[in-house]
Undergrad: 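Provided herewith is a single structure, encoded as structure tokens, for subsequent inquiry.
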Amino acid sequence: MSNDKQPDENKLIAERRGKLDALRAEGNAYPNDFRRNAVAEELHQTFESHDNEALHEESVEVSVSGRMMVKRVMGKASFVKLQDRTGQIQLRLERDRLPEGVYQAFKKWDVGDIVGATGKLFRTQTGELTVMADVVRLLTKSLRPLPEKFHGLSDQETRYRQRYVDLIINESSRNVFRMRSQIITYMRSFLEAADFLEVETPMMQVTPGGALARPFTTHHNALDMQLYLRIAPELNLKRLIVGGFERVYEINRNFRNEGVSTQHNPEFTMLEAYRAYADYNDWMDMTEAMLHGMTEAILGTTRVNYQGDEYDFGQPFRRITVEEAIAAYNPNLDMSRIRERDYLVEICTKLDIAVKDGDGPGKLQTDIFDATCEDKLREPIFITHYPTEVSPLSRANDTDPFVTDRFELFITGREIANGFSELNDPETQAARFRAQAEYREAGDDEAMAYDHDYIRALEYGMPPTAGIGVGVDRLVMLLTDSPSIRDVLLFPHMRPEVFD
RNA sequence: GGGGCGUUAGCUCAGAGGUAGAGCAUUCGGCUUUUAACCGACUGGUCGUAGGUUCGAUCCCUACACGCCCCA
């Protein structure tokens, strides 16, 4: 056993391996017959108002277990703190209360070991609820020392690569992931309450669609064919609307073959939801209601602190069009010419935005919006009416077909959600796909592929529908005040570690 | 892809062209109500990797790796 050495072995680990060898010699070093009947937080709550005298009279015996995070030996008695999933509970060990030899053995145990104990509750002189151990057992030997007790673990790389250590040490990190779970649970309950059906659609697709992005490719050996990891579930979810489910949603991973940054991870989580007989205005209302309710339920307030600034999720969010936003942040522009390609090219040149031959006025408008408006949209705001040219799956506006009935929600200068009334005219959709195919041939590898089956589905008739996508990771970042997406992903993508 | 910063003991961090430092942890001893427990003694290093400059490099230079941040 002990010769299966890890490459980063050191003296501290060697000492613990020696202790493990001794445990093996004595019997089962990894027992699984200890059962607890209480967890820390529950005990603190239940006995919050019980003083030492009351506890003595009640004579409450409990069994607890967890990781030993503190070990203070004072001669013939010791204090220990065990950390379980709810918090920490203190033990007191006295040599003369424990069976012969147990206390001597305990002295060899290390901080980080998993320990179980049974005994009566009491309060120490300073009032801390504590278990006076009559039984104490080492349940799992920890071979690796934990980070230093005061400063903890702050090295970012180790926190991401060895998330298990981060979670052991950093309460704040545990809280981020608890809150992430609550946020997703809230989304589910919000949508379930509105009679949405949760579905799961393929991660591996023959034709990647539903977004403008570069896909990951993979290969199916038995069928000898190329497959793509999905960049969005959109087209499949709308097939389900055609199928008659009318209200569906999926919370799951998308994969995009792009750079890694504080805002981007190659795989990330999206909520996508589609609702028949609704339009993009209905979804703006629902999104507002969901975020309002979510912040209240999870944070207890609709005021969200993010990186030193406060954002109000309680008020109705402003709604302005892309062109209004461009006008607001570029006061010198001649808005009467804002759809003229020549004029837009001129502006882009001034702004140092690269213009490609195939870029029409809609694309150029969007580029100008991205460059001059996006990062200034701090308070929650819906930007509406994105150009049809850059919205191949959105329904064109009835009175102004240059734009679509689409919105994006921005908060802290970041895109949080994207929704629109769906294009359900199969012939128009086919034409939009053809246009995308031309962009692709012109060299745009983010352009959409023509999806024949999706057109066929629309030909059966998709009821008037609107949908939304919400970037779950970015929302979690906002509500947990996390500066990087890696802080809200349990195992963020990292370059492989070299073990030499 | 470009730029900036970083990489020293298990962890958190100092350091200076001339024998590598602290605190915590570990090891040993003491201590029966501690709270970063305390007291005493000891131990622990390929200074990210590879080259170069130099009498001498962990320090200066170059490249590379990994990470963090900013930009595209």
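So that the names make sense, note that chain A is the first sequence line, chain B the second, and so on, each numbered from 1.
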Undergrad: Nearest to the side chain of A:E128, heavy atoms from C-beta on, is which of B:U35, B:G44, B:C69?
TA: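 Given the options B:U35, B:G44, B:C69, the side chain of A:E128 is closest to B:U35.
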Undergrad: Taking atom C1' of B:U12 as reference, at what distance in whole Å does atom CG of A:N170 sit?
TA: 13 Å
Undergrad: Take A:D110 and A:H493, find for each the nucleotide of RNA chain B with the closest heavy atom, and name the residue whose nucleotide sits nearer the 5' end.
TA: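 The residue closer to the strand's 5' end, by nearest nucleotide, is A:D110.
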Undergrad: Would the base of B:U34 count as contacting A:T124 through its side chain, where contact means a donor and an acceptor less than 3.5 Å apart?
TA: yes
Undergrad: If you measure from the C1' atom in B:C39 to the same atom in B:G45, how many Å do you get, rounded?
TA: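 Their C1' atoms lie roughly 28 Å apart.
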Undergrad: Choose from B:G67, B:U34, B:U12 the nucleotide whose nearest atom is closest to any side-chain atom of A:R495.
TA: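 Nearest nucleotide to the side chain: B:G67.
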Undergrad: Please report the distance separating the C1' of B:G30 from the corresponding atom of B:C42, rounded so that it comes out in whole Å.
TA: 15 Å
Undergrad: Just checking A:E148: base, sugar-phosphate only, or nothing, at a heavy-atom cut-off of under 4.0 Å?
TA: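 The answer is base, as A:E148 lies within the cut-off (heavy atoms under 4.0 Å) of a base atom.
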Undergrad: So, does A:K149 get its side chain near the phosphate of B:U35, meaning an N or O under 4.0 Å from OP1 or OP2?
TA: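 No.
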Undergrad: Just checking, is any N or O donor in the side chain of A:R180 or A:S482 under 3.5 Å from an acceptor N or O on the other one?
TA: no
Undergrad: For a quick test of reading the model: is some side-chain N or O of A:K108 closer than 4.0 Å to OP1 or OP2 of B:C28?
TA: yes
Undergrad: Taking the side chain of A:F79 as heavy atoms from C-beta outward, which of B:U34, B:U12, B:G10 is closest to it?
TA: B:U34
Undergrad: Measuring to OP1 and OP2 of B:A72, would you say a side-chain N or O of A:S261 lies under 4.0 angstrom away?
TA: no
Undergrad: For the C1' atoms, the ones on B:U35 and on B:U43, what distance do you get once it is rounded to whole angstrom?
TA: 28 Å
Undergrad: Counting side-chain heavy atoms from CB outward, which of B:U33, B:U27, B:G67 is closest to A:M132?
TA: B:U33
Undergrad: Does a side-chain N or O from A:R72 land closer than 4.0 Å to OP1 or OP2 of B:U33, or not?
TA: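 No, because none of the side-chain N or O atoms of A:R72 sits under 4.0 Å from OP1 or OP2 of B:U33.
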Undergrad: Do A:R95 and B:U32 have a side chain to base donor-acceptor pair shorter than 3.5 Å?
TA: no
Undergrad: Using the P atom on both, measure B:U46 against B:G4 and round to a whole Å.
TA: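 Approximately 30 Å lies between the P atom of B:U46 and that of B:G4.
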Undergrad: Under 3.5 Å, is there a donor-acceptor pair between the A:N170 and A:S173 side chains?
TA: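 A:S173 and A:N170 do not have a side-chain donor-acceptor pair below 3.5 Å.
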Undergrad: Could you work out the separation of B:A14 and B:C31 based on their P atoms and round it to a whole Å?
TA: 39 Å
Undergrad: Any base atoms under 4.0 Å from A:R97, or only sugar-phosphate, or nothing? Heavy atoms, all strands.
TA: nothing
Undergrad: Which part of the nucleic acid, if any, lies within contact of A:V111, taking any heavy atom under 4.0 Å across all strands shown: a base, the sugar-phosphate backbone alone, or nothing?
TA: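 Nothing, no nucleic acid heavy atom in range.
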Undergrad: Testing the 3.5 Å rule here: is there a donor-acceptor pair between the side chains of A:N305 and A:Y311?
TA: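 No, no side-chain donor-acceptor pair sits under 3.5 Å.
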Undergrad: Classify A:T158 by what it touches in the nucleic acid, base, sugar-phosphate, or nothing, heavy-atom distance under 4.0 Å.
TA: nothing
Undergrad: Would you say the side-chain atoms of A:D84 and A:T86 include a donor-acceptor pair closer than 3.5 Å?
TA: yes
Undergrad: Between B:U32, B:C66, B:U43, which one does the side chain of A:K11 approach most closely?
TA: B:U43
Undergrad: Please figure out whether A:L146 or A:F122 has its closest RNA chain B nucleotide nearer the 5' end.
TA: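 Looking at the nearest nucleotide for each, A:L146 comes out on the 5' side.
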Undergrad: Any N or O donor-acceptor pair linking the side chain of A:Q90 to the base of B:U34 at under 3.5 Å?
TA: yes
Undergrad: If B:G1 has a Watson-Crick or G-U wobble mate with both distances under 3.5 Å, name it; if not, just say none.
TA: B:C71
Undergrad: Has the side chain of A:K81 got a donor or acceptor that lies under 3.5 Å from a partner of the other kind on the base of B:U35?
TA: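 Yes, the side chain and the base share a sub-3.5 Å donor-acceptor pair.
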Undergrad: Using a 4.0 Å heavy-atom cut-off across all strands, classify A:G152 as base, sugar-phosphate, or nothing.
TA: sugar-phosphate
Undergrad: For B:U34 versus B:C69, give the span between their C1' atoms, rounded off to a whole number of Å.
TA: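 These two C1' atoms come out 42 Å apart once rounded.
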Undergrad: Looking at B:C31, B:A37, B:U27, which one has an atom nearest to any side-chain atom of A:V70?
TA: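 Taking heavy atoms from C-beta onward, the closest nucleotide is B:A37.
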Undergrad: Taking the side chain of A:D96 as heavy atoms from C-beta outward, which of B:C66, B:U32, B:C70 is closest to it?
TA: B:U32
Undergrad: Ignoring hydrogens and angles, are the base of B:U7 and the side chain of A:E157 linked by a donor-acceptor pair under 3.5 Å?
TA: no
Undergrad: Should B:G40 form a Watson-Crick or G-U wobble pair with both distances under 3.5 Å, which nucleotide is its partner?
TA: B:C28
Undergrad: Using the P atom as the point on both nucleotides, what is the distance between B:G2 and B:G17, in whole Å?
TA: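 Pairwise P distance, B:G17 against B:G2, rounds to 33 Å.
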Undergrad: Would you say B:U34 has OP1 or OP2 under 4.0 Å from some side-chain N or O of A:R123?
TA: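 Indeed not, no polar side-chain atom of A:R123 lies that close.
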Undergrad: Would you say the side-chain atoms of A:S63 and A:T118 include a donor-acceptor pair closer than 3.5 Å?
TA: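 On atom types as modelled, these side chains qualify, holding a pair under 3.5 Å.
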Undergrad: Are any of A:K19's side-chain N or O atoms less than 4.0 Å away from OP1 or OP2 of B:U27?
TA: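 So the side chain of A:K19 is within the cut-off, an N or O lying under 4.0 Å from OP1 or OP2 of B:U27.
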Undergrad: Using the C1' atom as the point on both nucleotides, what is the distance between B:A63 and B:U53, in whole Å?
TA: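 Straight-line distance between the two C1' atoms is 15 Å.
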Undergrad: Considering just the side-chain nitrogens and oxygens of A:S78, establish if one lies under 4.0 Å of OP1 or OP2 belonging to B:A37.
TA: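 Checking A:S78 against B:A37: no side-chain N or O falls below 4.0 Å of OP1 or OP2.
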Undergrad: Are OP1 or OP2 of B:U33 and a side-chain N or O of A:R92 less than 4.0 angstrom apart?
TA: no
Undergrad: Side chain of A:S154 only, heavy atoms from C-beta on: which candidate in B:C13, B:U34, B:C69 is closest?
TA: B:C13
Undergrad: Determine whether the side chains of A:E58 and A:H50 contain a donor N or O and an acceptor N or O closer than 3.5 Å.
TA: yes
Undergrad: Among A:R67, A:K141, A:R17, exactly one meets salt bridge (charged side-chain N to carboxylate O under 4.0 Å, His left out) together with A:D110. Which residue is that?
TA: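 Answer to the salt bridge (charged side-chain N to carboxylate O under 4.0 Å, His left out) test with A:D110 among A:R67, A:K141, A:R17: A:K141.
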Undergrad: Taking only N and O in the side chain of A:T126, is any of them less than 4.0 Å away from OP1 or OP2 of B:U35?
TA: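 For A:T126, the contact criterion (side-chain N or O under 4.0 Å from OP1 or OP2 of B:U35) is not met.
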Undergrad: Taking atom types as modelled, is there a side-chain donor on A:N254 or A:E267 under 3.5 Å from an acceptor on the other?
TA: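 On atom types as modelled, these side chains do not qualify, holding no pair under 3.5 Å.
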